[in-house]
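These values consider heavy atoms only, across backbone and side chains, with no hydrogens, waters or symmetry-generated copies.
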Amino acid sequence: MSSSPAPAPAPLPHPAPLPAPAPLPTAGIPDGRTVVRTLVSLKLRLLRNGLRRSRGRAALYVLGAAVGLLFATGAALLLTVLHDHVEHGAAGDAGVVLAGALTLGWAAIPLFLFSSDESSDPTRLTMLPLRPGPLLRGSVLAALLGPGPLISLVLLTGAALSGAHGAASAVAGAVGVPLAVLTVVTLSRAVAAGNARLLSSRRGKDFAVFGGLLFALLAQIANIGSQSVFGKAGENGADLGPLAPFAAVLRWIPPVGAVDAARTAGEGQWPLALLQLAATAALLALLLRWWRASLQQLMVTADASTVEVVRGVQRARRGPRFLPEGRTGAVMQRHLRYAWREPRAKAAVFTSIGMTLVICVLSIVQGWSTVYLVAMTGMFLGLQMLNLFGMDGSAFWMVAATLLTPADARDELRGRAFAVLSYAVPVTLVLGLVLAAATGDWSGLPAAVGVAFALLGSGIAIGTVLSVLAPYTMPADNNPMRNAAPGQGGLVMLNSFGSMFGSALVAAPVVGYLVWALATDAVTWPLLLAGPLYGAAVAALGLRLAAGRLLERLPEILAKAVER
């Protein structure tokens, strides 16, 4: 029996063609003009809102801008006057040196003050759908707003006029001065964008603290050097001859060359003037390219600053073994970590040390140094006991929850005082040895160190009491340049001057004995023992008095600490 053949399978349906890919949505990406206009208006709003926060801040801002503009105008007029009263080319050399110093200042500004200018931080815009081109154009125009570029324009105009001769100089200066202003502003923002991740991190803020102190020290050394160079000026007028070697090099470096183009064009050297302008324009193009590349990288690259967070936590769990046991040791360890890791705490510590170092270095260079200058270390480092709880911020509520008895309060304050002493005592001893070696007054070293320790103990006592009686609010950000929230200036001044004058007043018996001994040629070595003992007794008394009031004023202190 034969079977019927199986039916043929039905043909598969022809697959429908895939739809064309839909174009990427562009409704959420603003056009270039809107981005530029928004960034410029944002900069204007930041300036306006910064002035509206408090009348005192607005007055200081306006006063600072007016003083800066007045100084720039005076310097520009002085260069113009020197053009007719010094020998040929000397005023132009002064203008070139001024332009070089201004360029160096603009390049260093973001490294020291990056975190204090929100408009220079491009990482705040990384989450927005912005293209690099419009973002760059808007950032350039926004950077030109403010008193800084205006002051630079006035100074560079005076520098150009100092070497100008005739209409040709006017033409070259009209091109070179705005080009130089645009270049220095672009240089500053390109440096900020290229180092944005570093400068916004904790290490970057630490670098800003160290760099600011080093910059202040170098500025004082340069001031002394300039006084020694120009101190022997002739009777017929200012001697600007020493500036000639520096100007001969700086005028070939853009953007200084764009300012010097006014002089070269006035002397008929048009090819050289065009070369100076072209070099500055080329530098501007390179800076804009670097700025754009940095902005594009920030927009598409993730921040890898927390890659080693686990390793950091493991290192943080291993505390030093030389600290005391119990709550005092734990508080001491926490306070030392704040002093090393928190930018504002680190800035306060190194500013106190840096102020003492600057004064000591200046005294040694100028020849009036004395070993008794080490006493300033005790007074300045005693300031680290001010506003002890404001630095904790909102984390202080966890500390406050554990302050239940007077013993807890005493241990809390004692641990913070021991933390300050752990670095204040070695710094005082080392600086005393350096001053004794520099001055040769080894016989005065024991008395000087004793007075320093007496002032340090008095500063700890006064600072602890003021921390309890007059706390103030710290700003929410970690900007090392801001140590108080708006409206707290009066309390900051009260704490600072109250601590310095109070410590000097409390340590008056020790200081009085030193003055009497030096006036009557009596022995001063007993102060090596009496000073530390007196400072320790005063510090213990201040800690006891402050601990007795800490529990009573804890709600107010907590409110000040967590307020932002």
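Each of Thr183, Val181, Val184 was scored for a side-chain contact (heavy atoms from CB on, under 4.5 Å) with Trp106, with one residue passing: Val184. Of the candidates Leu272, Thr264, Asp93, Val97, Asp93 is the only one forming a side-chain contact (heavy atoms from CB on, under 4.5 Å) with Arg251. Applying side-chain contact (heavy atoms from CB on, under 4.5 Å) to Leu155 and the options Val177, Leu98, Val259 leaves one that passes, Leu98.
Annotation: the span from Leu79 atom CG to Thr157 atom OG1 amounts to 11.0 Å, rounded to 0.5 Å. Atom-to-atom distance recorded for Leu70:CG and Leu63:CG is 10.5 Å, nearest 0.5 angstrom. Distance check, rounded to the nearest 0.5 Å: CG of Leu383 to CE of Met500 gives 6.0 Å. Here the CG atom belonging to Leu150 is positioned 11.0 Å from the CG atom belonging to Leu144, to the nearest 0.5 angstrom. With rounding to the nearest 0.5 angstrom, the CG atom of Leu466 is 10.5 Å from the CE atom of Met385. Here the straight-line distance linking atom CZ of Phe380 with atom CD1 of Ile353 works out to 12.0 Å at 0.5 Å rounding.
Heavy atoms only, all atoms of each residue included: Ala76 and Gly158 are closest at CB-CA, 3.7 Å. Taking each heavy atom of Val36 and Pro134 in turn, the nearest pair found is CG2-O, 3.7 Å. Shown here for Ala107 and Leu187, the closest heavy-atom pair between the two residues is CB-CD2, 3.8 Å. Of all heavy-atom pairs between Ala265 and Ser169, the closest is C-OG, 4.4 Å. For the pair Leu277 and Val175, the tightest heavy-atom approach, listed with the atom from each and the gap, is CD1-CG1, 4.3 Å. Among all heavy-atom pairs drawn from Ile151 and Ala72, the shortest one is CG2-CB, 3.6 Å.
Between the side chain of Ser369 and the backbone N or O of Ser363 there is no donor-acceptor pair closer than 3.5 Å. A donor-acceptor pair under 3.5 Å is formed between the side chain of Ser467 and the backbone N or O of Asn387. A distance-only check finds a donor-acceptor pair linking the side chain of Lys43 to the backbone of Leu145 [under 3.5 Å]. The closest donor-acceptor contact from the side chain of Ser188 to the backbone of Val185 lies at 3.5 Å or more, if one exists at all. Checking side-chain atoms of Ser503 against main-chain N and O of Gly459 turns up no donor-acceptor pair under 3.5 Å.
Between Thr103 and Leu250, every side-chain heavy-atom pair lies at or beyond the 4.5 Å cut-off. Looking at Leu295 and Trp290, their side chains never come closer than 4.5 Å, going by heavy atoms from C-beta outward. Counting heavy atoms from C-beta outward, Cys360 and Leu431 have side chains that approach closer than 4.5 Å. Annotation: side chain of Leu102 is in contact with side chain of Ser152 (closest heavy-atom distance under 4.5 Å). Within the 4.5 Å cutoff, no side-chain heavy atoms of Ser139 are placed close to those of Arg189. Taking the side chain as every heavy atom from C-beta outward, Arg37 and Thr34 approach each other to under 4.5 Å.
For Trp252, the CH2 atom sits in a loose shell: 12 or fewer heavy atoms of surrounding residues, nucleotides or ligands are nearer than 6.0 Å.
Residues satisfying the side-chain contact (heavy atoms from CB on, under 4.5 Å) test with Thr186, not counting sequence neighbours, are Leu182, Leu284, Leu287, Leu288, Trp291.
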